[in-house]
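Both ligands and their constituent atoms are indexed starting at 1 by order of listing.
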Amino acid sequence: METAQSTLPKEEMLLAKFEEKTAAGEAIEPRDWMPEAYRKHLIRQMSQHAHSEVIGMQPEGNWVTRAPSLRARQILLAKIQDEGGHGLYLYSAAETLGITRDEMIQQLHSGKAKYSNIFNYPSLTWADIGAIGWLVDGAAIVNQVSLQRTSYAPYSRAMVRICKEESFHQRQGYEIMATMMKGTAEQREMAQDAMNRWWWPSLMMFGPHDTDSPHSADAFRWKIKRHTNDELRQKFIDKTVQQAELIGLTVPDKDLRWNEAKQGYDYGKIDWEEFNRVINGHGPCNKQRLSHHIRVHNEGAWVREAAEAYKQKQKNN
Ligand code: 3HC
């Protein structure tokens with residue numbers, strides 16, 4: 001019996017099957033047929049996610065030699081090492097879509113590929129390391145827990161692994177902030193200053209409002225995204241405001257207030273001009289982050305060449 005699908009040209013039949021699969025919440029594996037637009041969408045998002053993990057090592061790396069104790073330094077080193085590993089999982093997952101690591105790195109270096117806005121701000125004091133762990137990793141967890149159910153299977157598997165480590169990152173950041181808030185007046189002031197500088201850029205991490213998000217329609221159609229930018233931002237705010245109040249930190253938003261009807265916080269206007277300035281290369285640290293990555297990537301060329309030569313030698317034996 002001819003089904004509606006079997007009368008369609010091959011490509012349309014394949015697309016209909018693909019849409020059926022994603023609509024049913026089934027996972028898409030690298031060997032499955034997928035529309036070019038789905039593949040491109042994922043390469044864009046996953047490579048930018050990977051770049052974010054690796055660039056994010058810089059602001060924290062800034063404080064390894066200045067950590068206030070051996071324990072603090074060990075924890076920070078472990079976290080930074082985790083972030084590098086997260087980048088590798090994500091680059092490997094993106095490579096299953098047919099893009100090479102070199103191409104992704106070139107896109108980053110040329111400015112064609114973005115990375116998260118948040119890593120273009122300076123880490124000025126030790127409290128910033130607390131704010132980054134607590135707020136930035138806290139925001140990343142909210143986003144990444146949702147991405148565990150993304151339709152592209154390698155991305156989903158990478159998220160499951162990454163989320164296991166992120167909760168340690170968030171907790172160590174919150175511990176730094178809680179400790180400082182129990183410290184001297186100067187330490188409390190330092191922690192509040194970090195809160196003031198990192199709060200709004202952390203809200204921007206979730207992307208533009210849903211009404212201004214050009215990629216979200218496709219992301220939902222193909223179940224790449226399971227929650228909207230604003231839903232995840234709201235979840236982060238509702239959870240984090242209570243954590244701030246618990247240790248005596250003030251959220252730097254004069255319009256923040258609990259909305260009983262929606263069972264969540266109403267919050268002030270986000271400065272999207274700042275967001276667009278930062279994600280288009282004009283934030284406080286964009287140039288520094290990129291030139292550092294390019295320098296270190298070039299310095300590390302000998303390692304890649306040696307590994308490649310070894311691989312060839314093994315092949316020829
Ligand atoms: N930083 C930089 N660019 C951003 C951004 C952000 N926070 N939010 C959105 N954008 C960009 C998008 O990339 C897109 O630009 P493009 O077309 O040049 O790629 C544009 O703004 C429009 O945004 P959309 O909402 O339409 O784009 P998406 O559907 O891709 O949604 C996103 C944006 C929610 C960030 C989504 O890409 C996503 O979930 N990415 C994966 C998570 C991620 O990248 N997290 C980064 C942090 S990793 C991290 O924090 C490490 C932690 O361990 C410390």
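For atom 51 (C) of ligand 1, the closest heavy atom belonging to the protein is Glu53 OE1, 3.2 Å. Given atom 22 (C) of ligand 1, the protein heavy atom at minimum distance is Pro214 CD, 3.7 Å. Nearest protein heavy-atom neighbour of atom 14 (C) of ligand 1: His215 CD2, 3.7 Å. Here the protein heavy atom with the shortest distance to atom 38 (C) of ligand 1 is Gln45 NE2, 3.4 Å. Protein heavy atom nearest atom 12 (C) of ligand 1, with residue, atom name and distance: Arg44 NH1, 4.0 Å. Met205 O, 3.9 Å is the protein heavy atom nearest to atom 35 (C) of ligand 1. Among all non-hydrogen protein atoms, the one lying nearest atom 18 (O) of ligand 1 is Lys114 NZ, 2.6 Å. In this structure, atom 41 (C) of ligand 1 lies nearest to the protein heavy atom His49 ND1, 3.3 Å.
Summarising the local packing, CD of Glu189 is surrounded by 12 or fewer heavy atoms from other residues, nucleotides or ligands at distances under 6.0 Å.
Hydrophobic clustering (side-chain heavy atoms under 4.5 Å, transitive across Ile, Leu, Val, Met, Phe, Trp, Tyr) groups Met195 together with Trp200. Residues Val160 and Leu42 are members of separate hydrophobic clusters, defined by side-chain heavy-atom contacts under 4.5 angstrom among Ile, Leu, Val, Met, Phe, Trp and Tyr.
By the criterion of a heavy-atom distance under 4.0 Å, the side chain of Ala140, and not its backbone, is placed next to ligand 1. Residue-level proximity to ligand 1 for Asn117 is carried by backbone and side chain together, each with a heavy atom below 4.0 angstrom. Under 4.0 Å from ligand 1, the heavy atoms of Leu147 that appear belong solely to its side chain. Contacts between Asn229 and ligand 1, counted as non-hydrogen atom pairs separated by less than 4.0 Å, involve the side chain only. In Phe119, the part holding a heavy atom less than 4.0 Å from any atom of ligand 1 is the side chain. When heavy-atom distances to ligand 1 are checked against a 4.0 Å cut-off, Ala219 has no atom that comes that close, whether in backbone or side chain.
A salt bridge is absent between Glu165 and Lys79; no separation between the charged side-chain nitrogens and carboxylate oxygens falls under 4.0 Å. A salt bridge is defined here as a Lys NZ or Arg NE, NH1 or NH2 lying under 4.0 Å from an Asp or Glu carboxylate O, and Lys21 with Asp32 meets this definition. Salt bridge present: Glu299 and Arg295 bring a charged side-chain N and a carboxylate O closer than 4.0 Å.
For ligand 1, the atoms closer than 4.0 angstrom to any heavy atom of Gln48 are 13 (O), 19 (O). Near Met204, with a cut-off below 4.0 Å to any heavy atom, the atoms of ligand 1 are 7 (N). Of all atoms in ligand 1, numbered sequentially from 1 with element shown, those under 4.0 Å from a heavy atom of Ser213 are 24 (P), 25 (O), 26 (O). Heavy-atom contacts of Glu166 reach the following atoms of ligand 1: 52 (C), 53 (O) (cutoff under 4.0 Å). Residue-ligand proximity, Tyr155 to ligand 1, at heavy-atom distances under 4.0 Å covers atoms 41 (C). If you number the atoms of ligand 1 from 1 as listed, the ones under 4.0 Å from a heavy atom of Pro208 come out as 9 (C), 23 (O), 25 (O). Short contacts between ligand 1 and Phe206, defined as distances under 4.0 Å to a heavy atom of the residue, involve ligand atoms 34 (C). Close contacts between ligand 1 and Gly207 involve ligand atoms 8 (N), 9 (C) [criterion: under 4.0 Å to a heavy atom].
Ring-plane geometry between Phe236 and Phe206 is classed as tilted, the angle between the planes lying from 30 to 60 degrees on a 0 to 90 degree scale. Using cut-offs of 30° and 60° for the angle between ring planes, the Trp134 and Tyr174 rings count as tilted. Using the six-membered ring where Trp is involved, Phe275 and Trp272 have ring planes that are perpendicular, over 60° apart on the 30 and 60° scheme.
Using a 4.0 Å cutoff on heavy atoms, Gly56 does not count as a contact of ligand 1. Heavy-atom separations between Lys225 and ligand 1 include at least one value shorter than 4.0 Å.
Considering every non-hydrogen atom in both Val142 and Leu232, the closest pair reads CG1-O, 3.5 Å. Val64 and Leu77 get closest at one heavy-atom pair: CG1-CD2, 3.8 Å.
Close placement of the His169 and His86 rings is indicated, their centers lying within 6.0 Å of each other. Aromatic ring centroids of Tyr115 and His49 lie 6.0 Å or more apart.
Partner Phe18 forms a side-chain contact (heavy atoms from CB on, under 4.5 Å) with one of Met34, Met13, Glu26 and no other, that one being Met34. Test Arg233, Glu231, Lys225 against Asn229 for side-chain hydrogen bond (donor to acceptor under 3.5 Å, both in side chains) and you get one pass: Lys225. Between His297 and the choices Arg304, His109, His292, the side-chain hydrogen bond (donor to acceptor under 3.5 Å, both in side chains) rule is met once, by Arg304.
Remark: ligand 1 and His41 share no N or O pair separated by less than 3.5 Å (distance only, no angle test). Ligand 1 has no nitrogen or oxygen under 3.5 angstrom from a nitrogen or oxygen of Phe275.
Scanning Ile279, Val54, Asn143, Asp212 for the heavy atom closest to atom 42 (C) of ligand 1 points to Asn143.
Put simply, atom 5 (C) of ligand 1 has protein non-hydrogen atoms near it, under 4.0 Å away.
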